[in-house]
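Letters A, B, ... are given to chains in the order of the sequence lines, protein chains preceding strands, and every chain is numbered from 1.
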Amino acid sequence: MGDGLEISEVTGLGLVAVMARKGVGAEAIGQRLGLAPGLAAPATPHWVGDGALALIGTGPGSWLARSEAPTAEWAETVIERLAGLASATDVSASYRVFRLSGGDAARLLQRGAFVDLATPAFAPGSVAVTVIAHIGVIIRQIDETSFDVSVFRSLGESFHHWLTTAAATL
Amino acid sequence: MRIPCPYCGSRDIGEFVYRGDASPVRPAADGAEAAMFAYVYLRDNPMGRHEEHWYHTQGCRNWLVVTRDTLTHEIPSARLAAPLNAGDAV
């Protein structure tokens, strides 16, 4: 049993979908985007970075670059920096991102996602692209008790309905 | 049934789309008509291990080559159909 659950929405994010060109490695992507020195884009389903810039692994050679409170030019800058290395698209308006925090957050997600969300299989830094209630989701664990769940914007209401319905039975 | 995606890890079969036998190789354009016919239409129906194409549509969106035992559904291995880089572990 956990100790509660808070569901909120993270808004104002900058998001850019990044797909590496053939032969381009994760190090080159991390370097070009100016991640902390020596920090590569994750080659496994994990995320690295901070509020200013995080790279979320969504598949082999594909990431979601994320920034909290981005400037108006942020997405364009990321796309320009990756020129020749990766195809990048501004998808800031494409997702709704729900923040689940509290001791019951993992328990709630585990009712919908058919992936092991228990430590050590899933831990802070882990990412899973999967499906909950037929809706594609990107689950990102932030710390021991909080997760971000991104869904395509048009499915946001439906996903929120699942969240609140499933949370009521915890 | 669960499929061990080389990137995502063990995933429910509902996340995948099945395409079929991974072994046929497209014959050269100037090849015999019979070879193209065999490539498009003729399939074996083996008992035992079979290499198949599966698409991880609700996960990493990559094509996989999955080795599956058609008798037991055991899946001894799965790999990316087209590794991104020659050195990629997955």
Trainee: Using heavy atoms and a sub-4.5 Å threshold, report which of residues 132-168 of chain A line up against chain B, by residue number.
Mentor: A:G136, A:F152

Trainee: Would you mind checking which part of B:E15 comes under 4.5 Å of any heavy atom in chain A, side chain (CB onward), backbone (N, CA, C, O), both or neither?
Mentor: side chain

Trainee: Which atom pair, heavy atoms only, marks the closest approach of A:V129 to B:G59?
Mentor: CG1-O, 3.2 Å

Trainee: Heavy atoms only: give me the nearest A:G59-B:C60 pair and the separation to one decimal.
Mentor: CA-CB, 3.7 Å

Trainee: A:V131 and A:F122: same hydrophobic cluster, using ILVMFWY side-chain contacts below 4.5 Å?
Mentor: no

Trainee: Would B:I3 end up clustered with B:Y18 when hydrophobic side chains under 4.5 Å apart are linked, directly or stepwise?
Mentor: yes

Trainee: Grab the two heavy atoms, one from B:R2 and one from A:V115, that are nearest each other, plus how far apart they are.
Mentor: NH2-CA, 4.3 Å

Trainee: Hey, is CD on A:Q31 packed in by over 12 heavy atoms from elsewhere, all under 6.0 Å?
Mentor: no

Trainee: Count I, L, V, M, F, W, Y as connected when their side-chain heavy atoms are under 4.5 Å apart, and connections chain through other members. Are A:L170 and A:F98 then in the same cluster?
Mentor: yes

Trainee: Can you see which heavy atom on B:Y7 is nearest to which on A:T58, and at what distance?
Mentor: OH-N, 3.6 Å

Trainee: Looking at A:F114, I'd like to know if its CZ atom is crowded, meaning that more than 12 non-hydrogen atoms belonging to other residues, nucleotides or ligands lie closer than 6.0 Å.
Mentor: no

Trainee: For A:T44, is it the side chain, the backbone, both, or neither that has a heavy atom closer than 4.5 Å to a heavy atom of chain B?
Mentor: backbone

Trainee: Quick check on A:E9: does its CD atom have over 12 non-hydrogen neighbours (other residues, nucleotides or ligands) under 6.0 Å away?
Mentor: yes

Trainee: Check the surroundings of atom CE in B:M1: do more than 12 heavy atoms from other residues, nucleotides or ligands lie under 6.0 Å from it?
Mentor: yes

Trainee: Do B:Y55 and B:L64 sit in one hydrophobic cluster, given that two such residues count as connected whenever their side-chain heavy atoms are within less than 4.5 Å of each other, even indirectly?
Mentor: no

Trainee: Side-chain heavy atoms under 4.5 angstrom apart, residues restricted to Ile, Leu, Val, Met, Phe, Trp, Tyr: same cluster for B:V17 and B:W63?
Mentor: yes

